[in-house]
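One structure is given below, encoded as structure tokens.
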Amino acid sequence: MNSFAGLHFKTYLLIFLMVIFGPLGNVLLGKGMKRIGMVSIGTQAETIDFLSHVLRSGTIWLGIGSLIIFFVANMLVLSWADYSYVQPASSAAYAISALLAHFLLHEVVTPMRWTGVLLICLGVLVVGRTPPRTTESM
Amino acid sequence: MLVFVLYLLIVGAGTGGELCVSRAMKAVGEVKDFRPAALVRVIGRALRVPWMWAGLSLMGTAFFSLLAVLSRENVSLVVPVTALSYGAGALGGKFFLGERVTARRWAGVLLVCIGVAVVFLGQR
């Protein structure tokens with residue numbers, strides 16, 4: 001693989017990880033917190049009780065793990081790729097969320113939302129046709 | 001007025017934080033070895049760059065501002081406003097990181113910006 005193709009491959013791979021693990025982490029954290037339910041953290045005992053619930057939730061740990069993968073992938077890709085390339089390209093996460101909501105969770109996705117998803121995909125395609133790196137390391 | 005300041009913090013501090021993280025990672029240099037031990041060393045090196053800490057602090061500020069705004073406003077209003085981050089990101093990339101933001105990249109950023117706003121306005 002030449003360096004140009006290699007650069008594109010590793011950029012796409014890490015943005016793919018960000019697009020998958022970012023929304024997944026948020027969904028898992030949301031699910032975990034909903035399972036714990038409304039909490040009061042007014043006193044020290046209530047705070048400790050809340051933290052022990054959080055730390056014993058497998059879903060929350062999976063969510064935290066997903067978000068760590070997202071953040072590390074983000075850090076790594078930014079070590080060579082432009083921020084103005086990575087930021088819009090990773091917005092494909094919005095499209096993935098809508099597709100997951102429609103096909104896996106059978107949620108109603110309104111035509112307006114599909115229009116937004118289409119615009120994001122178009123934007124990502126347009127940005128994806130620019131070079132990922134336009135600077136040298138600082 | 002307070003809500004306006006909070007929106008400014010979400011967009012400004014959030015994007016500023018990511019730009020600082022980007023600057024820190026550019027200082028660390030291109031990652032070429034993806035073995036776990038090498039990745040741990042890269043993260044260790046990144047944490048010794050002051051820009052990384054500035055970035056994490058700004059991102060933390062943006063996160064808590066977002067929580068504060070969400071306690072006052074509906075998500076369907078807040079998130080489209082945060083789509084402005086894409087415009088701010090392209091400007092920051094150009095002026096803070098010295099990236100070459102071409103007309104094509106600006107067009108893509110604009111489409112993403114509008115798309116994110118439309119997605120959230122379309123959530124019924």
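Throughout, a chain's letter reflects where its sequence line sits, starting with A, and its residues are numbered from 1. None of the values given here were measured: they were computed from a predicted structure. These numbers come from the heavy atoms of this one structure, side chains and all, not from hydrogens, waters or symmetry mates.
Side chains of B:V119 and A:M112 form no contact here, defined as non-hydrogen atoms less than 4.5 Å apart. Proximity of B:I10 to B:V69: side-chain heavy atoms (C-beta onward) are separated by under 4.5 Å at one or more points. Side-chain contact between A:V19 and A:F70: absent, with no pair of heavy atoms (C-beta onward) separated by less than 4.5 Å. Using a 4.5 Å heavy-atom threshold, the side chains of A:S52 and A:D49 count as touching. The shortest distance between side-chain heavy atoms of A:F71 and B:I43 does not fall below 4.5 Å.
The choice from B:A107, B:S85, B:G92 that makes the most heavy-atom pairs within less than 4.5 Å of chain A is B:S85. Comparing B:K94, B:E18, B:K32 by heavy-atom pairs within less than 4.5 Å of chain A, the highest count is held by B:E18. Options A:L119, A:V124, A:N74, A:L78 differ in how many heavy-atom pairs under 4.5 Å they form with chain B, and the most are formed by A:L78. Of the residues considered (A:V117, A:I120, A:L125), A:I120 shows the highest number of contacts with chain B, using heavy-atom pairs under 4.5 Å. Heavy-atom pairs under 4.5 Å with chain B peak, among A:V72, A:V77, A:L76, A:L122, at A:L76. Among B:V109, B:V116, B:I114, B:V101, the residue making the largest number of heavy-atom pairs under 4.5 Å with chain A is B:V116.
Relative to the ring axis of B:F96, B:R23 places its NZ or CZ within 45° and under 6.0 Å from the centre. B:K26 forms no cation-pi arrangement with A:W80, by the criterion of a distance under 6.0 Å to the ring centre and an angle within 45° of the ring axis.
Heavy-atom distances place the side chain of B:T102, and not its backbone, under 4.5 Å from chain A. With a 4.5 Å cut-off on non-hydrogen atoms, B:V31 touches chain A through its backbone and its side chain both. In this structure, the portion of A:A81 lying under 4.5 Å from any heavy atom of chain B is its backbone and not its side chain. Heavy atoms of A:Y94 lying under 4.5 Å from chain B belong exclusively to its side chain. Contacts of A:V86 with chain B are absent, with no heavy-atom separation under 4.5 Å from either backbone or side chain. For a residue to count as touching a neighbouring chain, one of its non-hydrogen atoms must lie under 4.5 Å from one of that chain's; by this rule B:L39 touches chain A with the side chain only.
At distances below 3.5 Å, not a single donor-acceptor pair connects side-chain atoms of A:D82 with backbone N or O atoms of A:S84. In this structure, A:S57 contributes its side chain and A:V54 its backbone to no donor-acceptor pair below 3.5 Å. The main-chain N or O of B:R100 is found under 3.5 Å from a side-chain atom of A:T134 such that the two form a donor-acceptor pair.
With respect to B:E99 and A:R133, no salt bridge is recorded, no charged nitrogen being found less than 4.0 Å from a carboxylate O.
Taking 4.5 Å as the heavy-atom cut-off, the residues of residues 46-59 of chain B that approach chain A are B:A46, B:M52, B:L56, B:M59, ordered by number.
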(request) Test A:T130 against B:R104 for side chain to side chain donor-acceptor pair (under 3.5 Å), laying out the working first. (result) CA-CA 7 Å; A:T130 63; B:R104 177 178 279 179; over 6 Å; no
